[in-house]
Amino acid sequence: MQSTDEQFAAIRDEFGPDSLARVEEMMAPGGLPGHPLQAGAKWILPGISQKPWHDPRSDPAIASLVDALESAHGAISAEHEGAWRTKRAAFSDYEHYLTRQDDWQSLHLYRDGELMAESAETAPTAFDIIKNVAVGDGLICSLLESHFSTLLPGSRIAPHCDLWNFSINLHFAVDIPDDCDITVAGETRVWEEGRCLLFDYSFEHHAENRGNRPRTCLLVDLWHPETTVPERQALTVLVTEVRKLLGEV
């Protein structure tokens, strides 16, 4: 198997000697200082806009995914509600890199670089959109995942930063009770059922369900639109190697 250096060299051969300059700068000793509200992130790729909230339709490729999800809200919501009632065993406690929460339930459609085939029957409409658009168009960050995220009443996700700024988090609001919100970099927004929110989760963020029933969003981890194809390839190599060294894969 090729080493990380060999894989990086192959990427440079294909895309040019400067194609990984930002990745190399990120990897340099000391790294790159981010925004103060990104202090908990481990890797900050230089040149990425330090903007916590994004317009879900500002990037044409991401907009195609947003349109597909929003136009299918009725079917996605009904399929999730049916699975929640009759196939609860398909859901699991969500395990974040910082914690595991039994009041935060998830049903994965994509994880570990692969579609979760068992979810095709449980949530066929959402599964097909993730397969055909998010994966098919190369939008999804293969290092991360897509899942239905259900916060039970009274649950709270504590303030935290995710690990890096080169992916971005899409929230499609599936079933939203009153008294639920999410705060990113000090700005609080509420989910609008059937619509998407998009934010950079390297900024500190937290969420809460103070309502009387579960709150469900479909989350999709996307490559940040300001990253390039060679950078995405190199970052996949880099993070995968780090995970191997840490015994995570």
Side-chain angles (χ1 to χ4, degrees), residues 53-94 96 101 103-142 144-153 155 157 167-182 189-199 201 207-209 211-223:
W53 288 102
H54 291 249
D55 178 352
R57 288 190 167 82
S58 61
D59 177 78
I62 293 176
S64 68
L65 175 60
V66 170
D67 288 340
L69 290 170
E70 293 186 353
S71 65
H73 174 251
I76 292 172
S77 180
E79 290 167 4
H80 178 271
E81 193 273 335
W84 184 253
R85 282 190 297 104
T86 65
K87 299 180 180 179
R88 189 67 67 86
F91 294 78
S92 60
D93 296 350
Y94 186 70
H96 192 267
Q101 290 186 223
D103 57 2
W104 180 3
Q105 294 290 295
S106 62
L107 173 66
H108 281 84
L109 305 180
Y110 180 94
R111 182 166 54 180
D112 298 329
E114 297 181 349
L115 288 156
M116 300 288 99
E118 59 271 24
S119 297
E121 182 179 349
T122 307
T125 302
F127 182 89
D128 284 348
I129 292 172
I130 296 302
K131 176 182 177 181
N132 295 323
V133 185
V135 177
D137 292 347
L139 300 174
I140 200 162
C141 179
S142 56
L144 295 170
E145 59 194 35
S146 174
H147 67 278
F148 284 99
S149 169
T150 299
L151 291 181
L152 301 184
S155 61
I157 300 171
S167 62
I168 196 165
N169 199 213
L170 183 73
H171 278 210
F172 173 54
V174 176
D175 186 14
I176 311 297
D178 293 335
D179 295 323
C180 294
D181 53 47
I182 181 168
R189 298 190 182 185
V190 296
W191 297 275
E192 182 181 345
E193 205 162 282
R195 302 296 298 275
C196 289
L197 292 176
L198 183 65
F199 65 96
Y201 46 8
E208 190 165 359
N209 178 3
N212 57 10
R213 59 185 175 85
R215 182 241 64 178
T216 296
C217 292
L218 176 60
L219 274 54
V220 193
D221 293 308
L222 305 172
W223 287 110

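Computed over heavy atoms, backbone and side chain alike; hydrogens, waters and symmetry mates excluded.
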Shortest non-hydrogen contact from [X] toward [Y]:
X	Y	value
Thr150	Pro214	CG2-CB, 3.6 Å
Cys196	Pro56	O-CG, 3.5 Å
Glu193	Ile176	OE1-N, 2.8 Å
Leu218	Leu109	CD1-CD1, 3.8 Å
Arg57	Ala63	CA-CB, 3.8 Å
Val135	Leu115	CG2-CD2, 4.1 Å

Taking it one step at a time, do Arg111 and Ser146 satisfy side chain to side chain donor-acceptor pair (under 3.5 Å)? CA-CA 7 Å; Arg111 182 166 54 180; Ser146 174; over 6 Å; no
Pi-cation contact, Trp84 with Arg88 (under 6.0 Å, within 45°):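 Yes, a cation-pi geometry.
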Is there side-chain contact between [X] and [Y], with heavy atoms separated by less than 4.5 Å?
X	Y	result
Leu197	Trp191	yes
Phe172	Cys217	no
Leu152	Asn209	no
Met116	Tyr110	no
Leu219	Glu145	no
His147	Leu107	no
Ser149	Thr216	no
Val220	Ile140	yes

May I have the step-by-step check of side chain to side chain donor-acceptor pair (under 3.5 Å) for Asp221 and Tyr201, ending in yes or no? CA-CA 10 Å; Asp221 293 308; Tyr201 46 8; 2.7 Å; yes
Closer than 4.0 angstrom, basic N to acidic O: yes or no for Glu118 and Lys87?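 Salt bridge between Glu118 and Lys87, a charged N being under 4.0 Å from a carboxylate O: no.
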Backbone N/O of His108 and side chain of Ser119: donor-acceptor pair under 3.5 Å: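 Yes.
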